[in-house]
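Heads up, the thing below is written out as structure tokens.
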There are 2 protein chains.
Amino acid sequence: MAGVMENQLQPSKRSGPLRIGPAESRSIGNRQRDKIVHAATQVFSRKGYDGARVDEIARHAALPKGNVLYYFKTKQDLYRVVIEQVVALWLDALGDIALDTSPRVAISQYITRKLALSRNYPEASRLFAMEVISGAPIIGEQLRSQLREWVEEKGLVFRRWQREGRMAAIEPAHAFFMIWAVTQTYADFQTQIEAVTGAKDYDAEIYDLAAPDVVAVLVRGLGLRDEELVT
Amino acid sequence: MAGVMENQLQPSKRSGPLRIGPAESRSIGNRQRDKIVHAATQVFSRKGYDGARVDEIARHAALPKGNVLYYFKTKQDLYRVVIEQVVALWLDALGDIALDTSPRVAISQYITRKLALSRNYPEASRLFAMEVISGAPIIGEQLRSQLREWVEEKGLVFRRWQREGRMAAIEPAHAFFMIWAVTQTYADFQTQIEAVTGAKDYDAEIYDLAAPDVVAVLVRGLGLRDEELVT
DNA sequence: TTCAGGTTTGACCGAATGGTCAACTTTCGC
DNA sequence: GCGAAAGTTGACCATTCGGTCAAACCTGAA
């Protein structure tokens, strides 16, 4: 049902025209598919599903509209592929929380990784946000199954840490909600943050400055002590 | 330029059909305007500007489409009024940060107030979010002027607290970004939170539980100590 | 060279939707 | 009560936009 499923999302600041992971599957017009999906991600993330025009996506991809509809039968199909890819990226970038270090290190790393994700794929973040705000018509099911399981599983770890007094007594799910909220705000609300700070070079002025603050506040807030690493 | 400017937004759980503040200005069809704006807020907040159908707004307000267009010449006009109102609500609910108490109390109150706002006006929150994610085409100017000033002003207070060692050394603006992110996530990402927690009664199960955690994490994270109140 | 499959393209179509309008009804000051 | 202004309504129009299509155009295998 899905189709194209390796992640074709590319970090915002690309250098060459396209740069994909696996060297395989570079069949002639598969490259087109990539161009289209990439363009669609940009447009959908700014205009939402309804605001986006197939024609505009086509222009972004430097293709005639007819061509886009040749690769993706309908606008919805295209949207589905795009959002599915975003969710995939999201879910596995969620990654594992390292259990072989202290809670403080594990969560610091997690936050840093999540923040990097917002930085490198801001459009993906915004698209995800729009989907959810609109009631997650497409990805709702995945949230209810995969994401929920993930949270439940990691929640157990949090609870253990809490029993051991290595983390404050916060409802684990809410700890995640807060982490996600803070890290994603830098992508989703970029416009607002630019407006308030007057930043010109967002990445340099904002992310570099925010990263340590964000980690510090959350780590301290979640009560993650600076443990002595004893072997 | 704006027009209708008292806040006609109503908390989500209304009891009667309508309940507005000032008893004045209840001219015949001003009530209609309210109904329309209210309906429009709901629809716009879920579908975004482009996804919303004038006809659907009309049905929500139990009026024929023609009537809606009688009060608001165009869909854009209506949107502008709605979003303008949301921003007004936002800006003054931002409120003042009480200076006559300890930083801890002042910020706790602020967070609580902001959280209550998300709880009582979730559609407003989502609408605001969508606007910003889309690049804030309408309210950008206000963010650049009013919101920026507000942050700058309150930032000075934060810095003073920091110099006095009563608050951790966080860039003030970013402290706000984090507070806003966390509090708004409960409105904007309600769908996701429901999906993950399986909550049935969102207000009771989520907000009541989240409030203390959110306040605790942020207060601790921002390094706001529990000061002895000496007179 | 040829043939077949995939690809490209612009012209075209029908439905949906924002907005207009003119006929009609209600409201309200006098 | 009366008349003008305000409000109500459904039929209607113009445009926009997703999607179709058929005619060209590659490209590469035989």
Side-chain angles (χ1 to χ4, degrees), chain A residues 3-4 8 17-18 24-83 130 134 137-138, chain B residues 3-4 8 17-18 20 23-83 130 134 137-138:
Chain A
V4 194
Q8 286 134 353
L18 279 208
E24 42 136 4
S25 86
R26 293 301 70 213
S27 76
I28 328 233
N30 244 15
R31 215 187 301 274
Q32 301 290 55
R33 236 180 274 269
D34 294 354
K35 269 208 302 198
I36 295 170
V37 169
H38 182 233
T41 305
Q42 311 252 82
V43 178
F44 279 136
S45 75
R46 273 299 183 193
K47 315 284 189 82
Y49 176 78
D50 293 287
R53 301 286 151 233
V54 172
D55 193 56
E56 191 183 351
I57 294 173
R59 256 177 295 126
H60 260 245
L63 292 173
K65 184 179 71 165
N67 208 350
V68 170
L69 274 304
Y70 168 74
Y71 284 104
F72 301 88
K73 288 271 159 290
T74 71
K75 184 184 178 183
Q76 256 206 52
D77 279 0
L78 177 53
Y79 180 74
R80 193 166 252 117
V81 169
V82 169
I83 191 91
M130 283 206 149
S134 317
I138 308 287
Chain B
V4 195
Q8 287 135 353
L18 280 207
I20 319 283
E24 42 136 5
S25 85
R26 294 300 71 213
S27 76
I28 329 242
N30 245 14
R31 215 187 301 273
Q32 300 291 56
R33 236 179 275 268
D34 294 354
K35 270 208 302 199
I36 294 170
V37 168
H38 182 233
T41 305
Q42 312 253 81
V43 177
F44 279 135
S45 75
R46 273 297 182 196
K47 315 286 188 81
Y49 176 78
D50 294 285
R53 301 286 150 236
V54 172
D55 192 57
E56 192 184 350
I57 293 173
R59 256 177 295 125
H60 260 245
L63 292 174
K65 183 178 70 165
N67 207 350
V68 169
L69 274 305
Y70 169 74
Y71 285 105
F72 301 89
K73 289 271 158 290
T74 72
K75 185 184 179 184
Q76 256 207 51
D77 279 1
L78 176 53
Y79 179 75
R80 193 165 252 119
V81 169
V82 168
I83 192 89
M130 284 202 148
S134 316
I138 308 286

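Bear in mind that the values here come from a model prediction, so they are computed numbers and not experimental data. The chains referred to below are lettered A, B, ... by the order of the sequence lines, with proteins before strands, and numbering in each begins at 1. Atom set for the values below is all heavy atoms of this structure, side chains included, hydrogens, waters and symmetry mates excluded.
The nearest whole Å value for the distance from the CG atom in A:Leu63 to the P atom in C:dT7 is 13 Å. Protein atom CD of B:Glu56 is 15 Å distant from nucleotide atom P of C:dA16, rounded to whole Å. Counting to the nearest Å, the P atom of D:dT9 and the CZ atom of B:Arg59 are 15 Å from each other. Between the CG atom of A:Leu78 and the C1' atom of D:dG19 there is a distance of 14 Å, rounded to whole Å. Taking atom CZ of B:Arg31 as the reference point, atom P of C:dT27 lies 12 Å away to the nearest angstrom. Summarising the geometry, the separation between CG on A:Asn67 and P on C:dT8 is reported as 4 Å, rounded to the nearest angstrom.
A:Lys75 places a side-chain N or O within 3.5 Å of a backbone atom of A:Ala52 that can act as its donor or acceptor partner.
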Please produce a list of atom pairs where a protein N or O lies less than 3.5 Å from an N or O of nucleotides 17-20 of chain C.
| from | atom 1 | to | atom 2 | distance (Å) |
| --- | --- | --- | --- | --- |
| C:dT17 | OP1 | B:Arg53 | NE | 2.9 |
| C:dG18 | OP1 | B:Ala52 | O | 3.4 |
| C:dG18 | OP1 | B:Arg53 | NH1 | 3.0 |
| C:dG18 | OP1 | B:Lys75 | NZ | 3.3 |
| C:dG18 | OP2 | B:Val54 | N | 3.2 |
| C:dG18 | N7 | B:Lys65 | NZ | 3.1 |
| C:dG19 | OP2 | B:Lys75 | N | 2.6 |
| C:dG19 | N7 | B:Lys65 | NZ | 3.4 |
| C:dG19 | O6 | B:Lys65 | NZ | 2.9 |

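When the side-chain nitrogen and oxygen atoms of A:Tyr71 are compared with OP1 and OP2 of C:dT8, one or more of them lie within a distance under 4.0 Å. Between A:Gln32 and C:dT8 there is a side-chain polar atom (N or O) within less than 4.0 angstrom of OP1 or OP2. The side chain of A:Tyr70 contributes no N or O atom lying less than 4.0 Å from OP1 or OP2 of D:dT20.
Between the NE2 atom of A:His60 and the CZ atom of A:Arg53 there is a distance of 13.5 Å, given to the nearest 0.5 Å.
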